[in-house]
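Owing to the predicted nature of the structure, the values given are computational and were not obtained by experimental measurement.
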Amino acid sequence: FPSHDTRRVKLLIMNFGASDISVGFDSSVTTTSRIKVVASTGYMESNASDDGEEVLSEFWAISSAAGNNIVISEVYRI
């Protein structure tokens with residue numbers, strides 16, 4: 001995911017794949033740690049209103065299977 005960005009106000013990660021993914025704030029994320037985004041219908045949202053500076057952070061994700069289908073949507077202030 002893009003590195004630390006002070007213009008980002010919202011981040012949405014959607015998992016359409018067949019395997020769960022884990023999302024974290026550094027490269028030490030593993031398939032069993034951090035924020036779990038379940039397969040097929042799972043999503044994770046971070047926004048400046050609710051999460052403060054967390055949305056500005058760098059995000060890392062990992063899956064236990066190759067070829068997972070995820071969608072990342074970011075909203076920036078101009």
Side-chain angles (χ1 to χ4, degrees):
F1 300 103
S3 61
H4 177 82
D5 193 328
T6 57
R7 297 178 306 127
R8 186 187 306 142
V9 294
K10 183 176 181 177
L11 174 72
L12 177 65
I13 301 171
M14 296 168 282
N15 183 4
F16 296 112
S19 300
D20 295 346
I21 63 171
S22 293
V23 178
F25 301 105
D26 58 42
S27 61
S28 67
V29 66
T30 68
T31 57
T32 58
S33 69
R34 314 291 190 221
I35 302 165
K36 182 178 180 179
V37 182
V38 297
S40 289
T41 59
Y43 71 94
M44 181 217 130
E45 181 178 348
S46 182
N47 65 67
S49 303
D50 297 332
D51 304 313
E53 292 186 9
E54 180 180 279
V55 73
L56 306 176
S57 300
E58 187 171 77
F59 284 82
W60 294 73
I62 190 168
S63 174
S64 60
N68 228 18
N69 185 12
I70 63 170
V71 174
I72 302 164
S73 176
E74 296 178 288
V75 177
Y76 290 91
R77 71 170 174 255
I78 298 177

### Message
Less than 4.5 Å apart, side chain to side chain, heavy atoms only: is that true for I72 and L11?
### Response
yes
#### Entry: side-chain contact (heavy atoms from CB on, under 4.5 Å) involving D50 - partner list, sequence neighbours excluded
N47
### Query
Does V71 share a hydrophobic cluster with L12, counting links as ILVMFWY side-chain heavy atoms below 4.5 Å and allowing steps through other members?
yes
### Message
Would you say V55 ends up clustered with V9 if hydrophobic residues are merged whenever their side chains have heavy atoms under 4.5 Å apart, either directly or through other cluster members?
### Response
no
## Note on the structure
NZ of K10 to OG of S49, rounded to nearest 0.5 Å, is 9.5 Å
### Task
Would you mind listing every ring-ring contact (aromatic ring centres under 6.0 Å, His included) that reaches into residues 29-54, with sequence neighbours excluded?
none
### Query
Under 3.5 Å, is there a donor-acceptor pair between the side chain of S22 and the main chain of I62?
no
### Task
With sequence neighbours left out, write down each residue that passes side-chain contact (heavy atoms from CB on, under 4.5 Å) with S63, or none if nothing qualifies.
S19, I21, A65, N68
### Message
Show every salt bridge (Lys or Arg N to Asp or Glu O under 4.0 Å) that has at least one partner inside residues 14-25, sequence neighbours left out.
### Response
D20-K36
### Message
I need the minimum non-hydrogen distance between N15 and G17, along with the two atoms involved.
### Response
OD1-N, 2.9 Å
### Message
With a 4.5 Å cut-off on side-chain heavy-atom distances among I, L, V, M, F, W and Y, is there a chain of contacts connecting M14 to V23?
### Response
no
### Task
Return the minimal non-hydrogen interatomic distance between V29 and A61, and the atom names on each side.
CG1-N, 4.4 Å
## Note on the structure
Applying ring-ring contact (aromatic ring centres under 6.0 Å, His included) to F25 and not counting sequence neighbours gives F59
### Query
Should M44 and V75 be counted in the same cluster of Ile, Leu, Val, Met, Phe, Trp and Tyr side chains packed under 4.5 Å apart?
no
#### Entry: S27 OG to E58 CD distance, which is reported to the nearest 0.5 Å
8.5 Å
#### Entry: All side-chain contact (heavy atoms from CB on, under 4.5 Å) counterparts of S28, not counting sequence neighbours
D26, R34
### Query
Which distance, rounded to the nearest 0.5 Å, do you find between the CD of E74 and the OG of S46?
11.0 Å
### Query
Going from CZ on R8 to CD on E54, what distance comes out if it is rounded to the nearest 0.5 angstrom?
10.5 Å
